[in-house]
Amino acid sequence: MPGRPNRLSAATRAAQALRHIDEITGAVTPAIELSSTFARDGDYAPRQSYIYARDGGPTVQQAEKILADLEGAAGALVFASGMAAVVTLLETLNTGDHVVAQKVMYHGAIDWLKHLKAKRGIKLSFFDQSDEKALENTITDETKLVWVETPSNPSWDVVDIRAAAGAAHAVGARLVVDSTVAPPCTTMALELGADYVFHSGTKYFGGHSDISAGVLACAKGDAQWGEITLLRKQLGNVIRPFDAWLLIRGLRTLYLRYERASENALKIARHFENHPKIAQVLYPGLPGHPGHDIAARQMTCGFGGMLSLLTHSASAAHDLARFTQVFIPATSLGGVESLIEHRKAVEGVNSVVPDTLLRLSIGIEAVDDLINDLEQALERAQ
Ligand SMILES: *Cc1c(COP(=O)(O)O)cnc(C)c1O
């Protein structure tokens with residue numbers, strides 16, 4: 001754009017993500033392009049490379065351009081949900097391919113890997129993400145894909161992305177990082193060596209708990225990326241234009257929201273760290289957290305809004321989730337409003353999460369209201 005310096009900081013690029021001055025109306029944000037099909041010119045060639053909405057039309061491609069820029073990626077694709085992106089990526093696996101994934105991470109991704117093991121005969125090994133040496137020891141010469149999530153649900157264990165990339169690449173495997181909890185304002189997973197970075201855009205990117213979205217971005221636009229792009233089209237997993245537009249709007253405040261959520265979460269973590277009614281606080285921003293040193297290196301702009309509190313009894317945890325008045329008892333994360341969740345109750349009987357654990361997604365509210373709310377609920381809990 002004329003008159004603009006060509007390399008603005010990422011926070012500025014995100015804030016101006018929808019910057020667009022319409023020649024006719026002067027509108028400062030673009031309209032949402034809802035068309036499902038696009039007319040051809042006199043030579044029957046697509047006018048602007050758009051053909052059909054299942055490939056991703058103008059609004060979807062605009063979101064992808066912004067995301068690729070913020071991730072420092074060769075390309076980005078936006079999907080109808082995080083799981084749509086996960087399933088599409090895993091669809092590239094062949095029978096016999098060996099996949100290494102975390103023992104504890106997003107349950108939907110684990111469940112789908114187990115499904116592919118049963119139905120397609122992929123080989124699957126899990127590693128303990130809280131043990132720094134475990135990943136390297138689980139990767140074999142046959143490994144094709146390594147899946148890590150950092151920080152990971154719900155203990156916020158931190159995996160060293162650079163080390164994971166080194167171990168994966170040593171055997172020719174690819175590394176996927178689920179960086180939903182650490183968006184590019186704090187962690188640039190591709191710069192640290194990941195081949196793909198994944199986000200549930202439903203969370204911090206959207207930021208307002210009003211869309212479902214999934215994002216994949218790649219370090220290299222190679223043949224496998226081409227296959228993922230084709231699969232998204234064939235499966236019809238693309239995001240809808242209206243949601244793509246809301247996703248872009250969410251990105252405009254991502255840096256501000258993440259900074260505030262991180263600040264609030266750190267204050268809450270410190271407040272409850274030595275509280276008589278709390279057994280343990282799990283937050284990578286606390287120096288006592290086992291992953292703190294790695295987090296301090298790879299989360300450069302805040303440790304995020306996700307933390308877990310462990311109570312002394314399961315009944316106290318259940319009560320706390322019922323008695324809050326500001327925190328909303330709901331699943332999900334990364335919205336402007338704070339949520340509280342009894343994770344084991346949500347994950348079901350197979351969950352390895354302790355039943356004294358509450359997962360908190362800290363929003364952007366005034367932090368004293370959040371602390372006072374937890375205090376009053378703890379006061380009443382049995
Ligand atoms: C929510 C979430 C997903 C799945 O994304 P959806 O948008 O709900 O499909 C994957 N990974 C993590 C870490 C998540 O929090």
A.B. asks: How many angstroms lie between atom CZ of Arg257 and atom OG of Ser262, to the nearest 0.5 angstrom?
C.D. replies: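 Reported to 0.5 Å precision, the distance equals 11.5 Å.
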A.B. asks: Can you check salt bridge (charged side-chain N to carboxylate O under 4.0 Å, His left out) on Asp210 and Arg249, steps first, answer last?
C.D. replies: CA-CA 12 Å; Asp210 54 9; Arg249 194 173 68 165; 5.1 Å; no
A.B. asks: What distance separates Thr311 OG1 from Gln382 CD, expressed to the nearest 0.5 Å?
C.D. replies: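 One gets 12.5 Å once the value is rounded to the nearest 0.5 Å.
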A.B. asks: Indicate whether the side chain of Glu71 and that of His199 have a donor and an acceptor atom separated by less than 3.5 Å.
C.D. replies: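 Looking only at side-chain atoms, His199 and Glu71 do form a donor-acceptor pair, the distance falling under 3.5 Å.
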A.B. asks: Pick from Gln234, Glu227, Arg232: which one makes a side chain to side chain contact (heavy atoms under 4.5 Å, CB included) with Leu230?
C.D. replies: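 Of the listed options, the one satisfying the test is Gln234.
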A.B. asks: By salt bridge (charged side-chain N to carboxylate O under 4.0 Å, His left out), which residues pair with Lys123, not counting sequence neighbours?
C.D. replies: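 Lys123: salt bridge (charged side-chain N to carboxylate O under 4.0 Å, His left out) contacts with Glu142.
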A.B. asks: Run through Asp160, Thr187, Val177, Leu175 and flag the one making a side chain to side chain contact (heavy atoms under 4.5 Å, CB included) with Leu192.
C.D. replies: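 The option that passes is Thr187.
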A.B. asks: I want to check something: taking the side chain as every heavy atom from C-beta on, are His271 and Glu375 in contact at a cut-off of under 4.5 Å?
C.D. replies: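 Yes, side chains in contact.
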A.B. asks: Do the side-chain N and O atoms of His169 and Asp195 include a donor-acceptor pair separated by under 3.5 angstrom?
C.D. replies: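 On atom types as modelled, these side chains qualify, holding a pair under 3.5 Å.
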A.B. asks: How long is the straight-line distance from CG of Leu310 back to CG of Leu282, given to the nearest 0.5 Å?
C.D. replies: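 The CG atom of Leu310 is 5.5 Å from CG of Leu282, to the nearest 0.5 Å.
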A.B. asks: Classify the ring geometry of His275 against Phe272: parallel below 30°, tilted from 30° to 60°, perpendicular beyond 60°.
C.D. replies: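 Plane angle between 30° and 60°, so tilted.
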A.B. asks: Count the heavy atoms of every other residue, nucleotide or ligand shown that sit under 6.0 Å from CD of Glu365, and state whether that count exceeds 12.
C.D. replies: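 For Glu365, atom CD is crowded (more than 12 foreign heavy atoms under 6.0 Å).
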A.B. asks: Should the pair Arg47 and Phe38 be classed as cation-pi, given the thresholds of under 6.0 Å to the six-membered ring centre and 45° from the axis?
C.D. replies: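 Not flagged: Arg47 not positioned over aromatic ring of Phe38.
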A.B. asks: Consider only side-chain heavy atoms of I, L, V, M, F, W and Y, link residues closer than 4.5 Å, and tell whether Tyr204 and Met188 are in one cluster.
C.D. replies: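 No, because Tyr204 and Met188 fall into different hydrophobic clusters, even though each may have its own neighbours under 4.5 Å.
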A.B. asks: Kindly determine whether Thr331 and Glu341 satisfy side-chain hydrogen bond (donor to acceptor under 3.5 Å, both in side chains), including the steps that lead there.
C.D. replies: CA-CA 6 Å; Thr331 197; Glu341 177 178 56; 2.5 Å; yes
A.B. asks: Report, as yes or no, whether the 6.0 Å neighbourhood of atom CZ on Arg270 holds more than 12 heavy atoms from other residues, nucleotides or ligands.
C.D. replies: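 Incorrect, the count does not exceed 12.
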A.B. asks: Using a cut-off of 6.0 Å, state whether more than 12 heavy atoms not belonging to Asp41 lie near its atom CG.
C.D. replies: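 Counting other residues, nucleotides and ligands, CG of Asp41 exceeds 12 neighbours.
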A.B. asks: Looking at Lys277, I'd like to know if its NZ atom is crowded, meaning that more than 12 non-hydrogen atoms belonging to other residues, nucleotides or ligands lie closer than 6.0 Å.
C.D. replies: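 Yes, NZ of Lys277 has more than 12 neighbouring heavy atoms, counting only those of other groups under 6.0 Å.
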A.B. asks: Is any side-chain heavy atom of Gln102 less than 4.5 Å from a side-chain heavy atom of Phe127?
C.D. replies: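 The answer is yes; the side chains approach within 4.5 Å.
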A.B. asks: Within 45° of the axis and under 6.0 Å from the centre of the six-membered ring of Phe242, does NZ or CZ of Arg240 qualify?
C.D. replies: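 No, cation not above the ring by the 6.0 Å, 45° rule.
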A.B. asks: If the condition is salt bridge (charged side-chain N to carboxylate O under 4.0 Å, His left out), which residues does Asp373 pass it with, not counting sequence neighbours?
C.D. replies: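 Listed in chain order: nothing, the list is empty.
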A.B. asks: In terms of hydrophobic clusters joined by side-chain contacts under 4.5 Å, are Val159 and Val99 together?
C.D. replies: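 In one cluster: no.
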A.B. asks: Measuring from atom CG of Asp369 to atom CG of Leu374, what distance do you get when rounded to the nearest 0.5 angstrom?
C.D. replies: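 Interatomic distance, Asp369 CG to Leu374 CG, rounded to 0.5 Å: 11.0 Å.
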A.B. asks: Could you check whether Phe303 and His292 have their ring centres less than 6.0 Å apart?
C.D. replies: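 Yes - the distance between ring centres of His292 and Phe303 falls below the 6.0 Å cut-off.
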A.B. asks: Quick check: are there more than 12 heavy atoms from other residues, nucleotides or ligands sitting under 6.0 Å from CD of Glu273?
C.D. replies: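 Yes.
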A.B. asks: Are Leu339 and Leu333 side-chain neighbours, meaning at least one heavy-atom pair lies under 4.5 Å?
C.D. replies: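 The answer is no, as the side chains (C-beta and beyond) never meet within the 4.5 Å cut-off.
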A.B. asks: Looking only at atom types and distance, does a side-chain atom of Thr138 sit under 3.5 Å from a main-chain N or O of Ala134, one as donor and one as acceptor?
C.D. replies: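 Between the backbone of Ala134 and the side chain of Thr138 there is a qualifying donor-acceptor contact (under 3.5 Å).
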A.B. asks: Pick one: which of Ser332, Pro183, Ser209 meets side chain to side chain contact (heavy atoms under 4.5 Å, CB included) with Lys203?
C.D. replies: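 So the option named by the test is Ser332.
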A.B. asks: Once you round to the nearest 0.5 Å, how far does NZ of Lys144 lie from CZ of Arg174?
C.D. replies: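 Result: 11.0 Å between the selected atoms.
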A.B. asks: Are any non-hydrogen side-chain atoms of Val346 and Arg359 less than 4.5 angstrom apart?
C.D. replies: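 Result no, sub-4.5 Å side-chain heavy-atom pair not found.
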A.B. asks: Just by distance, do the side chain of Ser36 and the backbone of Ala53 share a donor-acceptor pair under 3.5 Å?
C.D. replies: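 No.
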A.B. asks: In terms of hydrophobic clustering (I, L, V, M, F, W, Y; side-chain heavy atoms under 4.5 Å; direct or indirect links), are Leu216 and Leu70 co-clustered?
C.D. replies: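 No; Leu70 is not reachable from Leu216 via cluster members.
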A.B. asks: If we check side chain to side chain contact (heavy atoms under 4.5 Å, CB included) with Ile340, which of these qualifies: Leu309, Leu360, Ile328?
C.D. replies: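 With Ile340 as partner, side chain to side chain contact (heavy atoms under 4.5 Å, CB included) holds for just one option, Leu360.
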A.B. asks: What's the separation between atom OH in Tyr50 and atom CG in Asp55, rounded to the nearest 0.5 Å?
C.D. replies: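 So the OH of Tyr50 and the CG of Asp55 are separated by 11.5 Å.
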A.B. asks: May I ask you to decide if Ile110's main-chain N or O and Trp147's side chain share a donor-acceptor pair within less than 3.5 Å?
C.D. replies: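 No, because the side chain of Trp147 does not come within donor-acceptor range (under 3.5 Å) of the backbone of Ile110.
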